[in-house]
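Read through the structure below, which is laid out as structure tokens, and then see the notes.
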Amino acid sequence: MLPGQPVKLSTIFIYLCGILICIGIAPSLPQLDFIAAWQDPGATRTVSFFQFISDSISYISFGIPVAVTIAMEFRRESGKKQSRLSLLYIILSIAVAGLISYVMKKTFSEPRPYEIDSRIAQLSVGGGYSLPSGHTTEAFASAMALTLLYPRWFVFVPVFFWASLVATSRIYLGVHYPFDILVGMFIGSSVSSAGYYFVFAKYVLPKKS
């Protein structure tokens with residue numbers, strides 16, 4: 001693992017509480033008006049950019065952890081087993097968060113913004129219902145897991161910036177409300193955090209003497 005100060009559990013708690021506060025506020029805001037005013041279907045470059053960001057989820061969320069693990073395999077020093085377990089932790093975090101997202105979609109059956117408001121264009125595809133955003137859930141599960149494993153600014157700044165762009169793209173493309181995005185952020189971040197602090201850090205990381 002890269003050296004760095006471990007992320008404190010209290011910091012994660014404050015971060016998650018901030019998301020919960022935003023989740024509580026979002027339903028009272030004019031979300032449909034915001035999306036309709038922001039969208040510009042005629043801005044083809046902007047639409048293409050956000051679609052590219054949205055599509056990147058399948059490559060980056062798994063690609064970065066796999067690349068790190070492969071790089072560790074070619075290093076002579078010890079730690080290969082831990083890097084493999086780190087990859088497993090990231091994959092399981094994404095899988096569990098995705099499962100929770102899928103169950104919630106089926107449970108709440110919320111229609112997507114473009115299905116509710118004719119002013120909003122469908123600029124991308126989305127599987128199933130709206131709540132929560134599966135793309136956002138996966139992106140933040142991956143970003144949080146990578147941050148907890150490699151707590152350095154040059155890791156968490158780009159991965160959280162990318163995850164935020166993924167979330168933003170889903171709003172602009174008309175397939176999710178800001179509320180869906182916030183819920184996805186909470187699910188992905190909390191699942192990865194719980195997996196790290198209560199399983200990975202407890203049973204995998206070497207104990208300090």
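Residue indices begin at 1 and follow the sequence shown.
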Closest non-hydrogen atoms of Lys105 and Tyr129, given as atom of the first, atom of the second and distance, are NZ-O, 2.7 Å
Check your understanding: Does a salt bridge link Asp180 with Arg112, judged by any charged N lying under 4.0 Å from a carboxylate O?
Key -> no
Note: Ser54 and His135 closest approach over all heavy atoms is O-CD2, 3.3 Å
Transitively linked via ILVMFWY side-chain contacts under 4.5 Å: Val157 with Val166?
-> yes
Here the pair of heavy atoms bringing Ser133 nearest to His176 is CA-CE1, 3.3 Å
- Message: Is the shortest side-chain heavy-atom distance between Leu148 and Phe200 below 4.5 Å?
- Response: no
Rounding to 0.5 Å, atoms CZ (Phe13) and OG (Ser190) come to a distance of 12.5 Å
Output for pair (Leu20 CG, Phe186 CZ), nearest 0.5 Å, gives 4.0 Å
One should read off an interatomic distance between Leu85 CG and Leu92 CG, to the nearest 0.5 angstrom, of 10.5 Å
d(Ile60 CD1, Leu146 CG) to nearest 0.5 Å is 11.0 Å
Practice item. Could you give me the CA-CA distance, side-chain angles and deciding distance for Tyr114 and Val175, then say whether side-chain contact (heavy atoms from CB on, under 4.5 Å) is met? Key: CA-CA 7 Å; Tyr114 65 83; Val175 292; 4.0 Å; yes
Are more than 12 heavy atoms, taken from residues, nucleotides or ligands other than Tyr197, located less than 6.0 Å from that residue's OH atom?
yes
Check your understanding: Do Pro113 and Ser130 touch side chain to side chain, with heavy atoms closer than 4.5 Å?
Key -> yes
message = I want to check something: taking the side chain as every heavy atom from C-beta on, are Phe49 and Thr44 in contact at a cut-off of under 4.5 Å?
response = no
Would you say Leu99 and Tyr89 are hydrophobically clustered, going by side-chain heavy atoms of ILVMFWY under 4.5 Å?
no
Rounded to the nearest 0.5 Å, the CD atom of Gln31 sits from the CD1 atom of Ile181 at a distance of 10.0 Å
Candidate pair Ile187 and Met104, rule side-chain contact (heavy atoms from CB on, under 4.5 Å), full reasoning:
CA-CA 11 Å; Ile187 295 171; Met104 288 184 66; 3.4 Å; yes
Flag side-chain contact, heavy atom, 4.5 Å: Leu87 against Arg84: no
Heavy-atom nearest pair, Ser61 first then Ser142, reads O-OG, 3.1 Å
Backbone N or O of Tyr172 within a donor-acceptor pair of the Gln39 side chain at under 3.5 Å?
-> yes
- Is Ile53 linked to Tyr59 within one hydrophobic cluster, defined over Ile, Leu, Val, Met, Phe, Trp and Tyr using a side-chain heavy-atom separation of less than 4.5 Å? no
- request: Evaluate the side-chain proximity of Asp40 to Thr46: yes if any heavy-atom separation is below 4.5 Å, no if none is.
  value: no
Open item on the list: I want to check something: taking the side chain as every heavy atom from C-beta on, are Phe140 and Ser192 in contact at a cut-off of under 4.5 Å?
Closed with: no
- [ ] May I ask you to decide if Val7's main-chain N or O and Thr11's side chain share a donor-acceptor pair within less than 3.5 Å?
- [x] no
When every non-hydrogen atom of Leu123 is compared with those of Gln51, the smallest separation belongs to O-OE1, 3.3 Å
Main-chain N/O of Ala97 paired with Ser101 side-chain donor or acceptor, under 3.5 Å | no
Just do the side-chain contact (heavy atoms from CB on, under 4.5 Å) check on Phe62 and Glu138 with the steps written out, would you? CA-CA 10 Å; Phe62 290 103; Glu138 181 176 326; 3.7 Å; yes
For Gly98 and Thr137, the nearest pair of non-hydrogen atoms, with its separation, is N-CG2, 4.3 Å
Any donor and acceptor pair, going by atom type alone, linking the side chain of Ser28 with main-chain N or O of Ile25 inside 3.5 Å? yes
Between the CD1 atom in Ile120 and the CD1 atom in Ile35, the distance rounded to the nearest 0.5 Å is 4.5 Å
Inset, instruction - Would you kindly confirm whether Ile21 and Met185 end up in one hydrophobic cluster when ILVMFWY residues are joined by side chain heavy atoms under 4.5 Å apart? - result: no
So Trp38 and Phe50, would you call those rings parallel, tilted or perpendicular, with 30° and 60° as cut-offs? perpendicular
| task | Treating Ile, Leu, Val, Met, Phe, Trp and Tyr as nodes and any side-chain heavy-atom pair under 4.5 angstrom as an edge, say whether Val103 and Val191 lie in one connected cluster. | result | no
Got Arg119 and Leu32 here, is their nearest side-chain heavy-atom distance under 4.5 Å? yes
So do the side chains of Leu149 and Tyr196 get within less than 4.5 Å of each other, counting heavy atoms only? yes
Evaluation steps, side-chain contact (heavy atoms from CB on, under 4.5 Å), between Ser56 and Trp162: CA-CA 9 Å; Ser56 71; Trp162 163 75; 2.9 Å; yes
